[in-house]
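All values reported here derive from a predicted model rather than from experimental measurement. Naming convention: chains lettered A, B, ... in sequence-line order (proteins, then strands); numbering from 1 in each chain.
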Amino acid sequence: MTDPKSHLAGLVRSALEHVFPDAAGTDILIERPRDATHGDFACTVALQLAKQLKRPPRQIAESLRTALVDREAAATTRFLDAVEIAGAGFINFRLAPETRVAGVRSVLQLGDAYGRAAAEGDKVVVEFVSANPTGPLHVGHGRQAALGDTLSALLEVRGRRVTREFYYNDAGVQIQTLALSVQARLRGLQPGEVAWPESAYNGDYVRDIADDYAARKTVAAADGTPVTAGGDTENLDDVRRFAVAYLRHEQDVDLRAFGTAFDVFSLESSLYAEGRVAAVVKNMIASGRTYEKDGALWLRTTDYGDDKDRVVRKSDGSYTYFVPDVAYHIGKWERGFRHAINVQGTDHHSTITRVRGGLQAVSESTGAEIPTGYPDYVLHSMVKVMRGGEEVKISKRAGSYVTLRDLVEWVGRDAVRFFLVSRRADSEFLFDIDLALSKSEENPVYYVQYAHARICSLLAQWTLLRQQSGTSALRAADLSPLALARESALAQRLSAYPEMLDDAARELAPHTLTFFLRDLASEFHSYYNAERILVDDSRLCDARVALCAAVRQVLANGLSLLGVSAPEKM
RNA sequence: GCGCCCGUAGCUCAGCGGAUUAGAGUAUUGGCCUCCGAAGCCAAGGGUCGUGGGUUCGAAUCCCGCCGGGCGCGCCA
């Protein structure tokens, strides 16, 4: 059987076609009521149709109810227990007990694969972090890493073929600034001195790079290429090459420690090297939407909803950054990604229209037929770090901001990852260090992990009791003794897991997952405190243990999507 | 000034393709370990959903104004 929700939608649709053929095309929306007294599912289709059918909603609901009850009576297996009309015309459904607990069996049978859809979906590229190699990763990058990684996992688990990608802007003036900063350090200068370049990076890491450069050390970037420092202060190209490799390596170390792995690293410099930037300019001109003004080449991005036209080629002959950005996205399209999602800070919001416009112009002249909404964006706002009631702004390491490494050292990877995805991306994030460190109070990470560990302990005891191994015996357990309201509520939540994953993936809203896990853990803790699991009656005992084992499995599956550990002991 | 986002309990936040009585955590107060892990559970109090209009049988949710906050508004990235 399909999941209960879609099955129910099918039933309602068929009843609707029978009773009100004129309204057969109506969307059937099945929701899970917050209030358990309203049943397991509810449908508002009667309210929606009242106007169209010119009949009171309760009357429509009543006709549908009759048809549904007839169908249920004729069915071979029992699915519904009751169909009730309530309020203005809601149809509330109560599932048969066997329907309710059916989800428990699927969870135990599928194990780690529960919630996973067949990998038949589109190819999608998720670009995130994309930090310039000019300094250590900061907490904002951490938020991006957590959001991007979890979103990728969500898309993947629901069948999309995901590529996680990191883009380096390694061709701009910022890299030049980095090289000059290192060079200044090599000359023995320090921030604050008169000769120190005004725009230079002041963090301690610049001195570290200079020291290693002078010592002619070798570093390996994320792609593994070793770079050895020449040690010559005056050779700026060499300084730059070493500094970039050094910082790429540092970022790689941080990302690995954070549990984030990328499939592809793209370099802005390679877009120039491969002639992709020049090709984009050529195609923009061919689209007929460019013009020369003040010695520069402009693209009429206002044709695509931008609030002003944008410069493509500056009067000095170089290109603005958005050109390689467009070239990069043309590349994504050409690699076969019909969906691309970029995770970025809201401070880059204004670039969206520009990049999409640029893609449209190129698409028009090449006939690529890139959709106007390509690529998709998940924008997140800034992270503010609080400790002891005050904002933490300065990190020794970076000089002017708190690094991801600082954060992970302070509170641990699990807490950082869980926290950073636990809010809507567009909300401003207040990261409270004291809160993430608390081991007993309002710390949702421990709350969820604790539920997992508790169940593991329970399963270990049950195994001793029954002298059986693992969950294999539980898959066959008779679940009919699970008759309590708490038990069916838990089972219902387990069966809602795949739906929740779909919603989170569709809405590009990974925070949904953390809320689900907290609610599931909460429901388990309540159940655990109210009822004894390991009871003498072995049928009841096995059924309850099977339910708990299913809860554990879903907690573990969900945590793994978040990249958070599911400990057996804490 | 213009554009986008946000304003929900003391605090931190869900809910916002309208729909049955607005939720969670925390903080406060009071209970629960001779019993499967108290990093837990139960209960109470706490909200004109920023504000004023509008659409609707029905609005925290959709539309408009205003107030307050964030981000952006370069031939920077």
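Across the protein-nucleic acid pair, A/Phe419 atom CZ and B/A14 atom C1' stand 15 Å apart, rounded to whole Å. Computed from coordinates, the A/Arg58 CZ to B/G58 C1' distance equals 16 Å when rounded to whole Å. Between A/Asp519 atom CG and B/G15 atom P there is a gap of 12 Å when expressed in whole angstrom units. Summarising the geometry, the separation between CZ on A/Arg454 and C1' on B/C36 is reported as 9 Å, rounded to the nearest angstrom. Rounded to an integer number of Å, the gap from A/Leu517 CG to B/A14 P is 16 Å. For A/Tyr527 and B/G37, the OH to C1' distance is 17 Å, given to the nearest whole Å. The distance between atom CG of A/Asn529 and atom P of B/G31, rounded to the nearest whole Å, is 18 Å. Atom CG of A/Leu53 is separated from atom P of B/C57 by 16 Å (rounded to the nearest Å).
Taking side-chain N and O atoms only, A/Lys384 has no distance below 4.0 Å to OP1 or OP2 of B/G70. Within the structure, every side-chain polar atom (N or O) of A/Lys293 is placed at least 4.0 Å from both OP1 and OP2 of B/C75. Put simply, A/Tyr447 has a side-chain N or O that comes within less than 4.0 Å of OP1 or OP2 on B/C41. For A/Gln48, no side-chain nitrogen or oxygen approaches OP1 or OP2 of B/G18 to under 4.0 Å.
Figure legend: cation-pi geometry between A/Arg544 and A/Trp462 absent, as NZ or CZ is not positioned both under 6.0 Å from the six-membered ring centre and within 45° of its axis.
Ring pair A/Phe515/A/His511 is perpendicular by interplanar angle, where above 60° counts as perpendicular and below 30° as parallel.
Picking from B/A77, B/C71, B/C36 the nucleotide with the shortest atom distance to the side chain of A/Glu268 gives B/A77. In this structure, the nucleotide among B/A77, B/G72, B/U21 sitting nearest to the side chain of A/His38 is B/U21. The side chain of A/Gln174 lies closest to B/A77 when the candidates are B/G25, B/A77, B/U20. Closest to the A/Asp294 side chain, of the nucleotides B/U20, B/G37, B/C75, is B/C75. When distances are taken from the side chain of A/Trp298 to each of B/C71, B/A77, B/C75, the shortest belongs to B/C75. Across B/C13, B/C75, B/C71, the shortest atom-to-atom separation from the side chain of A/Arg423 is found for B/C13.
A/Ala296 comes within 4.0 angstrom of a nucleotide base, judged by non-hydrogen atoms across all strands. Note on A/Leu430: only backbone sugar-phosphate atoms sit closer than 4.0 angstrom, heavy atoms only; bases stay farther off. At a threshold of 4.0 angstrom between heavy atoms, the contacts of A/Gln344 with the nucleic acid are absent. Among the atoms of the strands shown, none is found under 4.0 Å from any heavy atom of A/Ala451. Within 4.0 Å of A/Asp325, counting heavy atoms only, lies no atom of the nucleic acid at all. Backbone-only contact: A/Phe515 has heavy atoms under 4.0 Å from sugar-phosphate atoms and none from a base. Looking at heavy-atom distances under 4.0 Å, A/Gln176 makes no contact with the nucleic acid at all. Looking at heavy-atom distances under 4.0 Å, A/His525 makes contact with sugar-phosphate atoms alone, never a base. Counting any heavy atom pair closer than 4.0 Å across all strands shown, A/His348 reaches a base atom. Contact annotation for A/Lys308: backbone-only contact, meaning every heavy-atom pair under 4.0 Å involves sugar-phosphate atoms and none involves a base. Within 4.0 Å of A/Ser350, counting heavy atoms only, lie sugar-phosphate atoms of the nucleic acid but no base atom.
Evaluation of the salt bridge (Lys or Arg N to Asp or Glu O under 4.0 Å) rule for A/Arg313 yields A/Glu292 as partners, not counting sequence neighbours. For A/Tyr304, the side chain to side chain donor-acceptor pair (under 3.5 Å) partners are A/Arg289, A/Glu364, not counting sequence neighbours. Scanning for side chain to side chain donor-acceptor pair (under 3.5 Å) contacts around A/Asp502 gives A/Arg158, with sequence neighbours left out.
For the P atom pair drawn from B/U34 and B/G46, the interatomic distance equals 33 Å after rounding to whole Å. Here the separation of B/U51 from B/A14, taken at their C1' atoms, is 23 Å to the nearest Å. Of the P atoms belonging to B/C11 and B/A27, the separation is 15 Å, rounded to the nearest Å. Across the C1' atoms, B/G3 and B/A43 are found 49 Å apart, a figure rounded to whole Å. Only the C1' atoms considered, B/G72 is 14 Å distant from B/C76, to the nearest whole Å. Between B/C5 and B/G10, the distance separating the two C1' atoms is 26 Å to the nearest Å. Distance check on atom P: B/U8 versus B/C49 gives 11 Å, rounded to whole Å. A gap of 10 Å separates the P atoms of B/C16 and B/C62, to the nearest Å.
Taking for each of A/Glu507 and A/Phe429 the nucleotide of RNA chain B with the nearest heavy atom, the 5'-most of the two is the partner of A/Phe429. The residue among A/Ala453 and A/Val311 whose nearest nucleotide of RNA chain B is located toward the 5' end is A/Ala453.
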Produce a footprint string for nucleotides 1-10 of chain B: one letter per nucleotide, 5' end first; B if the base is under 4.0 Å from any protein heavy atom, S if only the sugar-phosphate is, - if neither. ---SSS----
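Under the 4.0 Å criterion applied to side-chain N and carboxylate O atoms, A/Asp426 and A/Arg423 are not assigned as salt-bridge partners. A salt bridge links A/Lys5 with A/Glu499; the closest basic N to acidic carboxylate O contact falls under 4.0 Å. Salt bridge A/Arg539/A/Asp537: absent, no basic N to carboxylate O contact under 4.0 Å.
Stems are defined here as 3 or more consecutive Watson-Crick or G-U wobble pairs with pairing distances under 3.5 Å; those involving RNA chain B are B:1-7 with B:67-73, B:10-13 with B:23-26, B:28-32 with B:40-44, B:50-54 with B:62-66.
Residues A/Ser130 and A/His141 are not in side-chain contact: their nearest non-hydrogen atoms beyond the backbone lie 4.5 Å or more apart.
A/Leu501 approaches A/Leu154 most closely through the heavy-atom pair CD2-CD2, 3.6 Å.
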Between A/Asp542 and A/Arg466, does the salt bridge (Lys or Arg N to Asp or Glu O under 4.0 Å) criterion hold? Intermediate values first, please. CA-CA 9 Å; A/Asp542 287 2; A/Arg466 286 273 179 288; 2.9 Å; yes
Run the side-chain contact (heavy atoms from CB on, under 4.5 Å) check on A/Ile341 and A/Glu127 step by step: do they pass? CA-CA 6 Å; A/Ile341 298 167; A/Glu127 181 200 329; over 6 Å; no
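In this entry the base of B/C5 is anti relative to its sugar, with a glycosidic angle more than 90° from 0.
When each of A/Trp410, A/Phe419, A/Phe418 is paired with A/Phe431, the ring pair (Phe, Tyr, Trp, His ring centres under 6.0 Å) condition holds for A/Phe419 and for no other.
Scanning atom types as modelled, no donor and acceptor separated by under 3.5 angstrom connect the side chain of A/Ser526 and the base of B/C41.
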Could you list the donor-acceptor pairs under 3.5 angstrom formed between side-chain atoms of residues 516-523 of chain A and any protein atom two or more places apart in sequence or on another chain?
from: A/Glu523; atom 1: OE1; to: A/Arg493; atom 2: NE; distance (Å): 2.3
from: A/Glu523; atom 1: OE1; to: A/Arg493; atom 2: NH2; distance (Å): 3.0

